[in-house]
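Sequential numbering from 1 along the given sequence is applied to the chain's residues.
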Amino acid sequence: GRYAERMRRREECLLVLHGIAVIGMTWLGFDPNTPRELGCAIQLPDASCWNYDALVLSEHRRLGAFVFLMREMFQRLPARGIRRVFAAVSHLNKVSLAAHGRLGYTTAGVIDRYAVMGIPFLRLTDGEGRVHWIRGGAGRSPTLSPGAGSSS
């Protein structure tokens with residue numbers, strides 16, 4: 001169901017195969033509300049996309065599958081007019097952060113979610129270390145722009 005919904009939204013899934021077995025994958029999202037798991041919309045710059053839910057099966061890690069997957073993605077995107085890729089990676093996932101860092105990714109921001117007396121808040125720490133607090137509203141989620149702390 002979750003993957004079918006992603007396909008309906010015209011997101012793309014890239015797979016790494018070993019023979020006929022899928023050993024790795026990643027998703028590409030082309031609208032600013034992707035990935036929805038972040039709890040907010042992020043307005044990406046023009047000619048950008050999301051890369052998220054990248055994974056390689058544990059028994060195939062450290063064999064180059066992740067690098068192969070990312071390089072294949074980077075080679076395909078310019079034909080679609082994509083010049084920048086944003087990855088949604090948990091800031092607690094140090095292994096993934098390191099793997100993305102080796103490919104040239106930098107931290108554009110970190111989103112922490114809080115609830116104070118039932119009121120949702122997001123704390124955005126941008127790539128320069130500035131902290132912005134944003135209050136979520138009833139039935140809506142804040143919209144963030146990389147490098148800006150405003151909400152709408």
Whether W133 and F121 hold their rings parallel, tilted or perpendicular, with breakpoints at 30° and 60°: perpendicular
Do V16 and L77 sit in one hydrophobic cluster, given that two such residues count as connected whenever their side-chain heavy atoms are within less than 4.5 Å of each other, even indirectly? yes
Any idea which heavy atoms bring C49 and G29 closest together, and the distance? CB-O, 3.4 Å
Smallest heavy-atom separation, A88 atom then Y52 atom, equals CB-CB, 4.0 Å
In this structure, CZ of R123 is separated from OG1 of T125 (nearest 0.5 Å) by 5.0 Å
With the side chain counted from C-beta on, respond yes when N51 and W27 share a heavy-atom pair under 4.5 Å apart, and no when they do not. no
Nearest 0.5 Å, what's the CZ-CG distance between R76 and L14? 5.5 Å
Do F86 and L97 share a hydrophobic cluster, counting only Ile, Leu, Val, Met, Phe, Trp and Tyr and linking them when any side-chain heavy atoms are less than 4.5 Å apart? no
So CD1 of I82 and CZ of F30: to nearest 0.5 Å the spacing works out to 5.5 Å
How far apart are the C-alpha atoms of Y105 and V85, what are their side-chain angles, what is the distance that settles it, and do they pass the side-chain contact (heavy atoms from CB on, under 4.5 Å) test? CA-CA 9 Å; Y105 281 89; V85 177; 3.3 Å; yes
In the structure I gave you, are the side-chain heavy atoms of L28 and E11 within less than 4.5 Å of one another anywhere? no
Might you work through the ring pair (Phe, Tyr, Trp, His ring centres under 6.0 Å) test for H60 and F66, ending with a clear yes or no? CA-CA 9 Å; H60 294 280; F66 179 76; over 10 Å; no
Say you draw a straight line from NE2 of H100 to CE of M70; how long is it, rounded to the nearest 0.5 Å? 5.0 Å
Rounded to the nearest 0.5 angstrom, the CG-CG distance for L63 and L57 is 11.5 Å
Measuring from R130:CZ to H132:NE2, what's the distance to the nearest 0.5 Å? 5.5 Å
Would a distance-only check, ignoring hydrogens and angles, find a side-chain to backbone donor-acceptor pair under 3.5 Å from T107 to G109? no
Looking at every non-hydrogen atom in both residues, tell me the closest pair between C13 and L15 and how far apart they are. SG-CD2, 3.6 Å
Beyond-backbone contact of S48 with R83, side-chain heavy atoms, under 4.5 angstrom: no
pair L122-D112: side-chain heavy atoms closer than 4.5 Å: no
Do you reckon V131 sits in the same ILVMFWY cluster as L92, going by side-chain contacts under 4.5 Å, direct or chained? no
Nearest heavy-atom pair of V56 and A65: which atoms, and what distance? CG1-CB, 3.9 Å
So which atom in S96 and which in V89 form the shortest heavy-atom distance, rounded to 0.1 Å? OG-CG1, 3.5 Å
Minimum heavy-atom distance I23-L17, with the two atoms named: CG1-C, 4.4 Å
F68, CZ: over 12 other non-hydrogen atoms inside 6.0 angstrom: no
Looking at side-chain heavy atoms only, is the closest gap between M25 and L55 below 4.5 Å? yes
Residues R6, D53; criterion salt bridge (charged side-chain N to carboxylate O under 4.0 Å, His left out); working and verdict: CA-CA 12 Å; R6 290 178 179 183; D53 282 355; 2.5 Å; yes
